[in-house]
Amino acid sequence: MMLDPKLIKEKPQIIRDMLKARNVDFDLDTLIECDQKRREFIIKTDELRKKKNQVALEISQKKKQGEDASSILSKMKNTSAELAKLEVEQEDIESTYSKLALTIPNLVHESVPIGADEGANKEIKKWGNIPVFDFKINDHIDISENLDLVDLERAAKVAGARFYYLKNDLVRLNQSLISYGLDFLSKKEYSLVQPPYMINRESMEGAVIADDFEEVIYKIEDEDLYMIGTSEHAMAAMRAKEIIEGKDLPLRYAGVSPCFRKEAGAHGRDQKGIFRVHQFDKIEQFIFSRPEDSWKEHERMLAITEEFYQSLEIPYRVMLLSTGDMGKVSAKTYDIEAWMAGQNAYREIVSCSNCLDYQARRLKIRFRDKTNEDTKYLHTLNSTLIATTRILVSIMENFQTNDGHIRIPSVLQNYMGNQKEI
RNA sequence: GCUGAGAUAGCCAAGUGGUACGGCGGCCGUCUCGAAAACGGCUACGCGCAAGCGUGCAGGGGCUCGAAUCCCUUUCUCAGCGCCA
């Protein structure tokens with residue numbers, strides 16, 4: 001359901017290689033066995049259903065002619081009982097099969113470096129000059145405290161750790177980034193979307209693997225609703241169960257929404273400030289593409305995102321993630337890491353992935369060019385354009401001035417009423 | 001939230017217990033110098049090398065030899081009422 005089931009039957013070695021490259025523990029042998037049994041059950045139950053249909057037809061004809069049908073009624077009864085028994089066994093197999101099948105990771109593109117963790121990531125590009133300061137610089141926590149731009153203590157009182165109140169000109173800068181980002185993508189043939197911030201489980205499962213739910217996603221109590229961790233979730237599901245006309249592809253969406261994340265596995269990391277938080281605003285690029293165009297779209301999306309950061313004058317580098325650092329849903333992921341002067345390091349701000357037909361299979365999103373052709377699964381891609389809190393950090397730290405203020409990047413000044421400094 | 005009416009294929013839509021009627025749109029073909037018209041076929045998913053077969057009437061459950069159809073339930077849509085930024 002997530003990978004092409006034909007692979008399981010015909011080319012299991014491809015899956016085996018992927019599991020090895022990703023170094024994940026997965027019971028492929030059980031899956032293969034279930035798949036085979038599943039097919040046998042389909043053949044057996046279909047055969048019985050055929051018999052049932054034939055008998056039903058007989059009964060119907062006899063009754064129409066006023067004849068007595070009681071002798072074949074019992075035949076029908078037996079067949080139905082036999083089928084019902086088989087169906088119970090079949091459900092068992094199907095449920096084991098789909099549980100496994102839904103957790104198998106995506107295939108990996110051949111260009112992806114194989115490695116255990118982020119140490120194997122490959123830097124493929126650097127842009128911009130790292131700012132040099134002739135004074136002692138502060139990190140974003142000190143800067144925002146000095147200028148009264150963030151209140152972390154009261155947020156902790158009201159909501160807990162990893163929450164924040166943005167204040168004053170930082171609120172305006174946050175809004176400016178969103179406005180600028182939306183305008184930017186509008187000019188690149190994206191349609192703007194503001195999605196639901198809560199979606200049901202079925203939709204969430206299309207974009208997220210079940211194991212990741214607990215660690216990442218907030219659930220609404222007593223409702224079949226989950227807070228989106230990114231608008232990617234809501235936008236992938238937007239077209240679920242649809243057959244899209246080939247001439248409409250590619251569909252490029254720019255989704256803007258808050259994002260909610262538990263950050264359950266991140267204890268102790270980035271504990272201070274607004275770098276790693278439970279809630280932030282994000283503009284996400286999401287593309288439904290023809291399979292043959294998806295790698296081209298992937299590069300295009302990366303190029304657009306780079307252009308965006310160049311316009312903001314933020315130095316960055318592009319990393320090609322290794323198998324150990326990449327998400328299970330993605331076949332290839334570029335991260336963009338922005339320079340954060342206060343940390344004297346490049347930090348992740350963008351993740352740009354091609355998911356091939358993995359999400360499309362889970363969500364049943366297909367396309368076709370001609371109505372008498374078979375439908376095909378399309379490809380989905382996603383990339384951050386901007387997760388605002390991290391860029392706020394980068395801007396505060398990189399653009400800080402000698403007298404303790406923050407220079408506003410020139411492309412944003414329009415959006416700030418021509419203000420040049422905070 | 002209450003009351004009522006609904007949910008059938010890409011769209012519209014018939015079907016009150018016995019093989020899902022029909023129309024529109026779209027695609028392919030025949031015809032034509034070409035097009036239009038007309039006519040024929042195709043236009044959800046699964047299994048199978050194939051011939052074929054099965055499934056699918058919003059989701060789940062039930063009664064029945066047999067369910068789109070009867071019963072229960074959930075979701076959603078529409079109308080009216082109520083509440084509300």
Side-chain angles (χ1 to χ4, degrees), chain A residues 1-11 31-98 101-102 194-206 219-226 234 237-249 251 258 288 290 357 360-378:
Chain A
M1 298 221 321
M2 16 16 282
L3 297 178
D4 187 345
K6 287 199 178 74
L7 281 182
I8 297 168
K9 189 183 164 201
E10 290 161 15
K11 296 172 181 168
L31 182 67
I32 291 172
E33 197 189 319
C34 282
D35 182 56
Q36 199 188 333
K37 278 193 196 159
R38 190 181 68 94
R39 288 171 201 275
E40 286 165 10
F41 267 107
I42 290 169
I43 292 168
K44 273 193 276 185
T45 52
D46 275 4
E47 204 51 47
L48 275 179
R49 288 197 186 99
K50 181 183 173 186
K51 192 169 156 195
K52 232 179 107 173
N53 288 342
Q54 285 168 345
V55 178
L57 193 59
E58 254 181 83
I59 294 170
S60 154
Q61 279 166 353
K62 289 217 172 195
K63 291 226 166 176
K64 269 183 193 164
Q65 290 162 14
E67 291 173 32
D68 177 35
S70 53
S71 64
I72 41 178
L73 285 191
S74 64
K75 191 172 157 193
M76 184 71 157
K77 203 168 192 170
N78 289 339
T79 311
S80 287
E82 201 184 335
L83 179 61
K85 202 179 132 203
L86 269 183
E87 277 174 341
V88 172
E89 294 174 45
Q90 184 178 24
E91 261 170 54
D92 230 39
I93 293 286
E94 288 282 356
S95 115
T96 311
Y97 171 81
S98 59
L102 278 169
Q194 201 168 352
Y197 302 160
M198 294 173 243
I199 61 178
N200 60 31
R201 183 164 188 109
E202 187 189 2
S203 301
M204 193 60 95
E205 279 177 347
K219 176 165 188 357
I220 306 296
E221 201 175 354
D222 298 328
E223 304 271 353
D224 178 27
L225 286 173
Y226 297 80
M238 180 166 67
R239 294 300 205 124
K241 298 174 198 166
E242 293 187 29
I243 298 170
I244 293 169
E245 289 201 46
K247 68 177 167 56
D248 293 337
L249 296 175
L251 288 166
F288 298 96
R290 296 176 161 281
D357 61 3
R361 280 180 189 281
R362 295 166 79 98
L363 291 159
K364 301 187 174 63
I365 310 176
R366 291 155 294 164
F367 78 100
R368 65 182 165 198
D369 292 303
K370 297 176 178 173
T371 50
N372 59 345
E373 272 184 356
D374 280 348
T375 56
K376 286 171 282 203
Y377 288 105
L378 44 71

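Chain letters run A, B, ... following the sequence lines, proteins first, then strands; residues in each count from 1.
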Spacing of the [atom1] atoms in [M] and [N] (rounded, Å):
N: B:C39; M: B:G22; atom1: P; answer: 15 Å
N: B:G59; M: B:G48; atom1: C1'; answer: 30 Å
N: B:G52; M: B:U43; atom1: P; answer: 14 Å

Between A:Lys50 and A:Asp46 (salt bridge meaning N to carboxylate O under 4.0 Å), is one present in this structure? no
Does A:Glu82 pair with A:Lys85 as a salt bridge, N-O distance under 4.0 Å? no
Rounded to the nearest Å, what distance is computed from the [atom1] atom of residue [X] to the [atom2] atom of nucleotide [N]?
X: A:Ile59; N: B:G17; atom1: CD1; atom2: C1'; value: 13 Å
X: A:Asp374; N: B:U43; atom1: CG; atom2: C1'; value: 11 Å
X: A:Glu242; N: B:A9; atom1: CD; atom2: C1'; value: 15 Å

Nearest to the side chain of A:Lys52, heavy atoms from C-beta on, is which of B:A44, B:G66, B:U55? B:G66
Find every protein N or O atom lying less than 3.5 Å from an N or O atom of nucleotides 46-48 of chain B, and list the pairs.
residue	atom	partner	partner atom	Å
B:G46	N2	A:Asp46	OD2	3.1
B:G48	OP1	A:Lys9	NZ	3.3
B:G48	OP2	A:Arg39	NH1	3.3

Donor-acceptor pair, [X] side chain versus [Y] backbone, under 3.5 Å?
X: A:Ser98; Y: A:Glu94; answer: yes
X: A:Arg290; Y: A:Leu249; answer: no
X: A:Asp357; Y: A:Ala360; answer: no

Quick one: is A:Asn53 getting a side-chain N or O under 4.0 Å of the B:U55 phosphate, OP1 or OP2? yes
With respect to the phosphate group of B:G66, does any side-chain polar atom (N or O) of A:Ser80 fall under 4.0 Å of OP1 or OP2? yes
What N/O pairs connect the protein and nucleotides 24-27 of chain B at under 3.5 Å? Give each pair on its own line.
residue	atom	partner	partner atom	Å
B:G26	N2	A:Thr371	OG1	2.8
B:G26	N3	A:Thr371	OG1	2.6
B:C27	O2'	A:Asn372	OD1	2.7
B:C27	O2'	A:Asn372	ND2	3.2
B:C27	O2	A:Asn372	ND2	3.2

Would the number of heavy atoms belonging to other residues, nucleotides or ligands and lying under 6.0 Å from CD of A:Glu373 be above 12? yes
Quick one: do the A:Tyr226 and A:Glu223 side chains pair a donor with an acceptor below 3.5 Å? no
